[in-house]
Every structure is written in structure tokens, then in C-alpha cells.
Amino acid sequence: MAATKPHSTIETTADPGSLPVTTLGGVGPALVEMLARLGLHRVQDLWFHLPLRYEDRTHLTPLADLRPGMRAQVVGVVEAVEKTYRYRPQLKVAIGDGVMQTLLLRFFHFNRAQAEQLRQGIRLLCYGEVRQGSGSLEMVHPQYQRLAESADIALDDRLSPVYPTTEGLGQKRLAGVIAKALQLLPTAEQLELIPPSLCADHGLTSLREALLYVHRPPPDAPIDQLTQGTHPAQQHLAFEELLTQHMSLKRLRAAVRERRAPVLGGDGGLRRRWLESLPFQLTSAQQRVTKEIAADTTQPRPMLRLVQGDVGSGKTAVACAAALDAVEAGYQVALMAPTELLAEQHLRNFRHWLEPLGMAVEWLAGKQQGKARLQAMRRVAEGAPMVIGTHALMQESVEFARLGLVIVDEQHRFGVQQRLALRDKGLEGELVPHQLVLTATPIPRTLAMSAYADLDISAIDELPPGRTPVQTIAISNARRVEVIERIHAAGAEGRQVYWVCTLIEESEQLRAQAAEAAHAELTHALADCRVGLIHGRMKSKEKQAAMDAFKSGELAVLVATTVIEVGVDVPNASLMVIENSERLGLAQLHQLRGRVGRGAVASNCVLLYQPPLGQLARERLQVMRETNDGFRIAEKDLELRGPGEVLGTRQTGQLSFRMADLARDAHLLPAVQRVGEQMLAQYGEQAGRLIERWIGGAARYANA
Ligand code: ADP
Ligand code: MG
């Protein structure tokens, strides 16, 4: 039977979503440029540019009702103004509403006009986040507006969305273009990509409705739900986004699995000889993971496996077992670490283990120059069995003869992009090497399922015997002298101490200066102890000398920057002091603390902090005091900071979700997996378009 529906070319070819943003009225070159910076090129990019949060200016909150953590709009009269210059310029403005309540407005950046305008007696309308200050509640850099003495206050009648934006592009203007784009939304049916048969069982509403709702919540929208991201419209979008990400990783993985990999099977003789030479036995967790790896590498498909295990759980030994199997089968192994210091530790460790077996280990790092580098590269090209280094290893000029296994340590610092680059390197050859990634930060299960859907996961969930948990306390910097006294006492008992300097500044030079200052201070205060120093600006040789001196016990105290965060292994060190611990994230604190508690002696960790502590910092230090369990810490970290930062991939675009929040939306993941499998199997075309829609510009994910 012939179709009776009238056929119109406009109707079938015009997909308004794929039109360029210039189709919308009033979008000139300057705006196009700013939108491009946000990754917004097509009309549909604007549909899916979702609010980060909402501002509620529909009512005023009396000062007495303010609580830390809430965002609020308030009115008050300026009661006092104070400018201070301690540490850095600061303008403090106290406002009150006549009910014996004061709120402090704090400005670190202000110009003279501002300072002059904010005088005692004027009336202000302010909007901002409330924090607990030392004396009273405060808002840091609130938005504010001066009100005429008796003027009525114009309140909004609905929540206003706040979008991620870029310099020069104000919220109003951005919201304006998005509103225009939304006028081009097609019908619910045309917009939908997830087949209705798959959605029925988890009650999704229409995508069209969901988009319109989150961009323009009605006046009576449930504010709490919207703020928390739990409104059904938001959950609908979160589901689609998680589904998209899941499918794109699965496709990536499938593409790699199509390739062929070398079979790394032998009689295990090399590995056995190494195991016999070790002063310890592998834990049962190490043995299990070793088996899981061997099951993969004896298949002709590339392994993509993540080994997660807490700090000190013995991931290196597991990696070594896999490496020896590859070498025995006649293939090469490359081991990559994120920092030179860590790579060097591995080099020493592997040389110590493997040279007695008659195996040479090559070294390739960024700083290595000239002849040594060329010679190492030549030996690698000729088939040297094992090479260790930093990311320099993956440079194009480095050629392998028969690369069979790539081991990446401390995966979370590399991020998804580097993982892909590595894989691409493998893809150039005929056979793709197996890939083993090691991460010390245990990744919460929810995150692992989603962010690492392209990897299989093994867990070393047991520490070698004989470790004692680290006792942790938090102490205010005001009691610094007591802490130094404590180091003195520890030194007298023959214990070794790390003193870790941290600075928020992103400059290695400033970090080095801080460490040098602390080194001078401690050398002076601890006249009878030898105090060493290590930081990122020192030459490799100097760093190694300092590490050696500490390891041999010649130094009692090692002042260090966070360069020691990963990999450093000195079992006799049993006290660690971390300065400015309030500035570090949980994952980093846990990594640092993992440097002590490696021997049989009971160890301590002192978290020095600069008061006053903010709410988040207080919670972090509390968690550190309560537990040594990396898994719990990682979950707490996810809760406090969000997944992008937990994985260190905030900038890669892969995990900076627009709507989804892995901690909040973990309950969606089982359905995401189920629908994802079905879509990939039966609706490949739609899956591709969904990936294109959400991930869009990052074409490599979509095309993989
Ligand atoms: P991580 O998992 O943090 O990389 P390492 O591989 O550096 O841990 O191991 C930490 C320390 O534990 C090293 O000194 C290592 O030699 C030792 N170790 C590893 N496995 C065992 C084991 N089964 N028994 C005793 N010590 C072990
Ligand atoms: Mg390690």
C-alpha cells in the first residue's frame, strides 16, 4: 500500500538542531566566537547547554534565617565598613536588618569606587552563598545592588537559570540565545532518540518537555528539587547523558577489541624464578589479580584492564608478574608513570628485581638528553625487553620492535585523553599491545562502572601483612611549635619524619620556595637532627641523592613538596606532618599519608591547618581522622567534590557532565547499563546520533 502521507522535502531534510547558531537572529561574529569557546556551534548544542544551577530571587530571606551553605537573597543596611591589608587587601561590610542580626560581606577584589559607594547607612540587595565565618555568617563576593531608601524591591517571579559561560558573555545574553534556539525544538517525537520500547519500563517523560522545563522552570517549580537536581526533568536528562557516555565508552572498547593482540603465554618459568627471589609471598589478592590478568593476556584480543588497589597494596608486584609473562613470550613491555620521581622509583625497583634474572631495564624520560636518550631509543627499537619512563615514552619518535604490554601507573593522573592517545599509539601497528592500568585511588564502584566502562576492573583489596593503621590528628598552625617539638622527640627515638609543604599556587617555583623556607626553619629548630629537602625544581640527581639519604637513615627529616605524593617507599618513616592540609583534596591527602605506615611501627600523621577552617575543609580533615580506608575516602571525595575532580579529568570534556552527577544519580546506572546494551545491539544508528548530540564536537569519542 502506498504511503498516503504528503511528502515534503523541507519536513524530511530540515533538522533544525544541526543548523549553525548563526541561523538564530542577532547572532553576529563576536557572539559566535564566544559561543564557540563554550563548544556551542549548532542549534542543538544550545538546547543541551544546561543550567549549572538556579538562582532564587523570588523572595527575600530574613538574616536570622540564613544557614551556611545556602544561597540567598537578602536586604540589609550597612552598619560598618572596614578595609584591611593583612595578607591581602580586603573590604569587609557588615549589614543588618534591624533584628539584631549581622551578615558580613567580604570582598578581596574591589576598586576604589566600590569601596566609596559601600558606606554606612546605605541599603543593599545582595545575593550570594552563605558561609560560616569566624565571628558571624558571611558572603564572599556577593552580587549586590544599592537600593534607594524606600524603593520597593522588584522580585523575580520564577527561578533564573545560571549557565556555564565564558568571559564577556553575560547570563542574560546567553539565556536570550538559548531561548531563541528552544523555539526551534521539533516535536517530542522527532526529538526522541531512545526508542520508546526501551524507555517504558523506567518511566521517562519526553525529552522535549524535560529540556523546556530545565531551561525555563515554571514559577511554581519545586525549588529544592531543582537545586538538588532531583526533579524528574533533570533526572531524565541525567539518564540520557549517562547513557550516552556509557555507550560511547563501550563503543570505544568494542573498537579496540576488534583488533588483534599478541598471545602472551609461556610456561611461566621466568615469573616463577622471580617469585622465588622475592623476600615475601604475594597476598591472595595479588595472586587473584595476577590470574585475572593472565587470563586476558593469553587471548588474542587486547586486554584493557584497570587494577585498583589502595596505597601500599602491592600493585607493582602484580605489574611485574604480567611484564615477565610478556617478556617470556618474546614481547616488549613499557611502563609509564606520571612523574619522573615515580618513574625512577619503578626503575630502581625493577632493576633490583630483574637484573639478577639477567634482564636489562631501559630508561626513557623527558629530561634525558642527547646520546643517552638516542642509545636507549635504539635499544628499544631493537627489542629491549622492558623500558620504564614518563609520558616521554609515548612520543612518536619512540619506536618499539614488539610491544606486547603497556603498563600505566597512577592512572587517574593521566586522564581519559592520555589513555586514548596511548591506545592510538598501539593501533598504528599490526598487533595492539595489551594494556594494564594501575590506580592507587580506589575508584568508587558507581564511578568505575560509568567512567571506566571501557575497562575491565580488578581489585587488590588486601594489604600485605604486618601493616599498622596510621593515627591521624589535625592541629592548628597556632600550635606549630608543639608539632616541631614532637618531631624532635620522634627523631630522638630513631623515627624518620616527612614534613610536606603544600601551596595552592600552581607554580613549582613558589612551592620550592615554601619548602626551602620550611627547611630553614626546621634545620634551625632541630639542631641535632639532619634535615633534608626535596622539591620539583631540583635536578634529578639531587632529588635522588636526597631520597637515598633519607632511605638509608642518614636524614632524620625530609622536607618535601607534594612530589613525594606517589610511589615513594621508605618503610622506616613513621611520622608525617602535612602543612596547610586544609588546602588539599582528600585523594591527595590519602596519597600523601600512604607514605607512612609501611613498616611494622605504629605511624602518625599530623594535619597542620591554618584556621579558620571552611566547612568543606573541616569535613575533609574529619574524614582523614576517622578512616584509613582508601575506598571510603574515595567515596567521600566523590560526594564532596564531584567526579570530574576525583578523576583529575575535569578539563577533558569527558567527565564534566552537564546534568548528571555520579554521586547523586548512581541509582540510574543499572538502567543505563541495561538500556545501553540494548541500544548498542539493536539501535546502533540512534546510539550514534545520541553520542553526537551530547558529546558532539569531541568527535573521537563519537567516531570510535
Ligand atoms: P602500591 O600498590 O602503592 O604501588 P607497592 O607496589 O609500591 O604498592 O608496594 C608497597 C610495598 O609493599 C613495597 O615495599 C613492596 O615491596 C611491598 N610488598 C608488595 N607486595 C607485598 C607482599 N605480598 N608482602 C609483603 N610486602 C609486599
Ligand atoms: Mg605504586
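Note that ligands are numbered from 1 as they come in the structure, with each ligand's atoms numbered from 1 the same way.
Residue Trp353 has no N or O atom closer than 3.5 Å to an N or O atom of ligand 1. Annotation: Gly314 places an N or O atom under 3.5 Å from an N or O atom of ligand 1; distance criterion only.
When each atom of ligand 1 is checked for a heavy atom of Ser313 under 4.0 Å away, the hits are 2 (O), 8 (O). With ligand atoms numbered from 1 in the order given, ligand 1 contributes 23 (N) to contacts under 4.0 Å with heavy atoms of Thr283. Proximity to Leu282 (heavy-atom distance under 4.0 Å) selects the following atoms of ligand 1: 23 (N). Counting the atoms of ligand 1 from 1 in the order shown, those under 4.0 Å from a heavy atom of Thr316 are 4 (O), 5 (P), 6 (O), 7 (O).
Using a 4.0 angstrom heavy-atom cutoff, Gly309 does not count as in contact with ligand 1.
Residues Ile457 and Arg305 have side chains not in contact (no heavy-atom distance under 4.5 Å, counting atoms from C-beta outward). Side chains of Val531 and Val559 form a contact here, defined as non-hydrogen atoms less than 4.5 Å apart.
A distance-only check finds a donor-acceptor pair linking the side chain of Gln286 to the backbone of Gly314 [under 3.5 Å].
With hydrogens and angles left out, the side-chain atoms of Thr439 and Gln308 include no donor and acceptor closer than 3.5 Å.
Of the residues Val361, Ile407, Ile388, the one that meets the side-chain contact (heavy atoms from CB on, under 4.5 Å) test with His346 is Ile388.
Taking a 6.0 Å sphere around CZ of Arg379, one finds it holds more than 12 heavy atoms contributed by other residues, nucleotides or ligands.
Only backbone heavy atoms of Gln281 (N, CA, C or O) come within less than 4.0 Å of ligand 1; its side chain stays farther off.
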